[in-house]
Engineer: 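Structure incoming, see below.
Start at 1 and go down the list; that is how both ligands and their atoms are numbered. What you see is a predicted model, and the numbers here were worked out from it, not measured in a lab.
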Amino acid sequence: MIEGLFERPAGLGLLTGEHDALRRTVRAFVAREIAPNIAAWEEARRLPRALYRKAAQIGLQGLIFPEELGGSGGDFLMQIVASEEIARAGAGGVCASLGSYMIGLPPIVKLGSPEILEAYARPIIAGAKISALAVTEPGGGSDVAALRIAARREGDHYVVNGEKTFITSGMQADVFTVAVRTDPASKGARGISFLVVDGDAPGLERTELDKMGWHASDTAHLTFRDVRVPAGNLLGCEHEGFSAVMLNFNDERLTIAAQAIGQAEACFTEALSWARERETFGRKLIDNQVIRHRLVDMAMRIDAARTLLYDVVERRMAERDALPVHVARTAMAKITATDALFAVANAAVQILGGMGYMRGTVSERVFRETKVLSIGGGGDEILKDLAARQMGF
Ligand SMILES: Cc1cc2nc3c(=O)[nH]c(=O)nc-3n(C[C@H](O)[C@H](O)[C@H](O)COP(=O)(O)OP(=O)(O)OC[C@H]3O[C@@H](n4cnc5c(N)ncnc54)[C@H](O)[C@@H]3O)c2cc1C
């Protein structure tokens, strides 16, 4: 591959030498700690706890969180760069579970009391606790305002009853950031709150879910039966958590886009090297124009998706856009990236032929992991509806 094809060097946009240094650090971490172990973790259907501590040693979980909590107070581009690099290992399950703090932790840091920050945020950033976000319920995930799990106030506690499902890191998590309905009389967005729930709280049961891909990630169905949660574990104002839930989705969508682009790049790299090696009809695959065109199509999609993603992220950081514009373009950047991944993984499997259907190739794994990114964090249909509304039609 030509040098720098997909690189975004320091000096371009808001990228600095610090982002470059982080990219190199994460790349080395992936080569040393992740790539050699993916097959074993997929077999185990989860990541080892030690990985979270090792990741914390390079500062991964604290990149964008305050230094007072053990983080490094970096900008959002840091998270994008790190997400892309981890995804380039070509294992979405690693991105999902190692990265579940990216969706579980921000509401805690934004809205938690000093006690909550000490008890939960600090150990998550230190890699000592695993964080998960629990919003989706068996009755539906897209219509967040319809969530039903009940948190009834009883003295100094909330008593939680109900279910959550498809929760990433749900089997291993020590800390759940849970969207609940605190006002039983309310319907829709009003009456929703965020609670921090300990993983070992009595009455919380977990059931492991099996799935098409992301095998290195544990996914759980959660049942809450009279789970008592201290009232101090409320994040922000009671009944007013809905906007926090929705705002959390925006950054999640941008990191999903970064993951999709990193994984697409892994497929492209594998397909290119296969096309250069494989011979059919007495010549290399790459000597066929149709294969070269397919590879260019793949590169075009990756490049376009990444360019849009960085533009949205940099305009967010520079506060250039009004919120509706940012929300609409975030939705579009996610769909552009996940569509690119779907097309690129499909093309890569085609170039690898039978080998692309065999366990052990990156393209086979990523091909099974494409769909989830078009569903999680807001399905394509939901995001297009959202973008249309934000753009005023
Ligand atoms: C592997 C995995 C990990 C996940 N991790 C988490 C997690 O950590 N935490 C968490 O809270 N959730 C998690 N989710 C849940 C995910 O966010 C939801 O699956 C997603 O929001 C969609 O909800 P749903 O599955 O209930 O689909 P539904 O809401 O039932 O929708 C079904 C389909 O119809 C589409 N649709 C829905 N309404 C409309 C409409 N009005 N018009 C047109 N189309 C529509 C949707 O886009 C979707 O494609 C995870 C899911 C998966 C698969």
Side-chain angles (χ1 to χ4, degrees), residues 42 45-47 91-108 124 130-149 160 162-181 188 192-197 199 206-224 235 241-242 244-253 255-256 259-260 263 331 334-335 338-339 341-342 365-366 368-389:
E42 294 229 306
R45 292 294 197 266
R46 64 198 58 209
L47 300 176
V94 177
C95 307
S97 266
L98 187 57
S100 56
Y101 74 91
M102 286 193 267
I103 50 177
L105 185 53
I108 297 179
I124 292 168
I130 297 175
S131 159
L133 176 74
V135 174
T136 305
E137 300 189 354
S142 302
D143 187 2
V144 177
L147 68 83
R148 290 165 50 177
I149 189 169
V160 183
E163 291 169 78
K164 294 286 180 186
T165 200
F166 307 149
I167 306 307
T168 296
S169 299
M171 294 306 292
Q172 298 217 86
D174 306 292
V175 183
F176 290 98
T177 307
V178 188
V180 294
R181 188 166 294 283
I192 289 174
S193 306
F194 252 143
L195 286 182
V196 184
V197 179
R206 317 167 188 223
T207 313
E208 184 140 23
L209 301 173
D210 202 5
K211 52 196 187 302
M212 181 191 292
W214 276 14
H215 287 167
S217 166
D218 56 302
T219 309
H221 185 98
L222 308 177
T223 307
F224 296 74
L235 296 177
F242 184 72
V245 177
M246 299 319 278
L247 282 176
N248 202 39
F249 276 129
N250 269 326
D251 286 352
E252 177 183 1
R253 286 166 191 155
T255 49
I256 289 176
Q259 282 172 24
Q263 285 190 277
K334 184 197 172 226
I335 296 172
T338 55
D339 278 357
L341 174 62
F342 190 64
R365 185 191 307 118
V366 173
R368 281 183 288 106
E369 295 179 335
T370 54
K371 282 312 299 174
V372 66
L373 296 187
S374 303
I375 295 169
D380 288 358
E381 300 82 357
I382 303 305
L383 293 189
K384 284 182 183 172
D385 266 357
L386 176 66
R389 276 200 309 279

Engineer: Give me the nearest non-hydrogen protein atom to atom 16 (C) of ligand 1 as residue plus atom name, then the distance to 0.1 Å.
Structural biologist: T136 OG1, 3.7 Å
Engineer: Heavy-atom distance from atom 19 (O) of ligand 1 to the protein below 4.0 Å?
Structural biologist: yes
Engineer: What distance separates L383 CG from K334 NZ, expressed to the nearest 0.5 Å?
Structural biologist: 5.0 Å
Engineer: Determine, stepwise, if the pair R46 / E208 fulfils salt bridge (Lys or Arg N to Asp or Glu O under 4.0 Å).
Structural biologist: CA-CA 11 Å; R46 64 198 58 209; E208 184 140 23; 2.5 Å; yes
Engineer: By number and element, which atoms of ligand 1 are closer than 4.0 Å to a non-hydrogen atom of G140?
Structural biologist: 26 (O)
Engineer: Can you list the atoms of ligand 1 that are under 4.0 Å from a heavy atom of V372?
Structural biologist: 1 (C), 2 (C), 52 (C), 53 (C)
Engineer: Taking only heavy atoms of L133, which atoms of ligand 1 are found under 4.0 Å from at least one of them?
Structural biologist: 7 (C), 8 (O), 9 (N), 10 (C), 11 (O)
Engineer: State the atoms of ligand 1, each with its element, that fall below the 4.0 Å cut-off from a heavy-atom position in V135.
Structural biologist: 10 (C), 11 (O)
Engineer: With no hydrogens and no angle check, is any side-chain donor or acceptor of E137 less than 3.5 Å from a backbone partner on A146?
Structural biologist: no
Engineer: List every atom of ligand 1 that sits less than 4.0 Å from any heavy atom of T168, numbering the atoms from 1 in the order shown and giving each element.
Structural biologist: 3 (C), 4 (C), 5 (N), 6 (C), 7 (C), 8 (O)
Engineer: Report yes if some N/O of S142 lies less than 3.5 Å from some N/O of ligand 1; otherwise report no.
Structural biologist: yes
Engineer: Provide, to 0.1 Å, the distance between atom 50 (C) of ligand 1 and the closest protein heavy atom, together with that atom's residue and name.
Structural biologist: F166 O, 3.2 Å
Engineer: Which ligand 1 atoms does W214 reach within 4.0 Å, using its non-hydrogen atoms?
Structural biologist: 1 (C), 3 (C)
Engineer: Short question: side chain of D174, backbone of I130 - any donor-acceptor pair under 3.5 Å?
Structural biologist: yes
Engineer: Below 3.5 angstrom, do we get any N/O pair linking T219 and ligand 1?
Structural biologist: no
Engineer: Can you find a side-chain donor-acceptor pair between S100 and S131 that sits under 3.5 Å?
Structural biologist: no
Engineer: Which pair of heavy atoms, one from T168 and one from S217, lies closest together, and at what distance?
Structural biologist: CG2-OG, 3.7 Å
Engineer: Out of curiosity, T255 OG1 to N250 CG, how far, rounded to the nearest 0.5 Å?
Structural biologist: 10.5 Å
Engineer: Just how far is it from atom CE of M171 to atom CG of L222, taken to the nearest 0.5 Å?
Structural biologist: 9.0 Å
Engineer: Considering all protein heavy atoms, does one lie under 4.0 Å from atom 32 (C) of ligand 1?
Structural biologist: no
Engineer: Hey, could you give me the CD1/CZ distance between I167 and F176, rounded to the nearest 0.5 Å?
Structural biologist: 8.0 Å
Engineer: With only distance considered, is G378 within less than 3.5 Å of ligand 1 through an N or O on each side?
Structural biologist: no
Engineer: Taking only residues two or more places apart in sequence or in another chain, which ones pass salt bridge (Lys or Arg N to Asp or Glu O under 4.0 Å) with R365?
Structural biologist: E42
Engineer: Of I103, L147, I382, I375, which has the heavy atom at the shortest distance from atom 38 (N) of ligand 1?
Structural biologist: I382
Engineer: From atom 23 (O) of ligand 1, work out which of S169, S97, G141 has a heavy atom at the shortest distance.
Structural biologist: G141
Engineer: Go through ligand 1 atom by atom and flag the ones less than 4.0 Å from a non-hydrogen atom of I167.
Structural biologist: 7 (C), 8 (O), 9 (N), 10 (C), 11 (O)
Engineer: Using a 4.0 Å cutoff against the non-hydrogen atoms of G379, which atoms of ligand 1 qualify?
Structural biologist: 47 (O)
Engineer: Taking the non-hydrogen atoms of G377, is any one of them nearer than 4.0 angstrom to ligand 1?
Structural biologist: yes
Engineer: Tell me which one of L147, V197, T223, T136 satisfies side chain to side chain contact (heavy atoms under 4.5 Å, CB included) with K164.
Structural biologist: L147
Engineer: For atom 8 (O) of ligand 1, is the nearest protein heavy atom closer than 4.0 Å?
Structural biologist: yes
Engineer: How would you list, by chain and number, every residue that makes a side chain to side chain contact (heavy atoms under 4.5 Å, CB included) with I103, sequence neighbours excluded?
Structural biologist: L133, N248, E252
Engineer: For atom 49 (O) of ligand 1, grab the closest protein heavy atom and report residue, atom and distance to one decimal in Å.
Structural biologist: E381 OE1, 3.4 Å
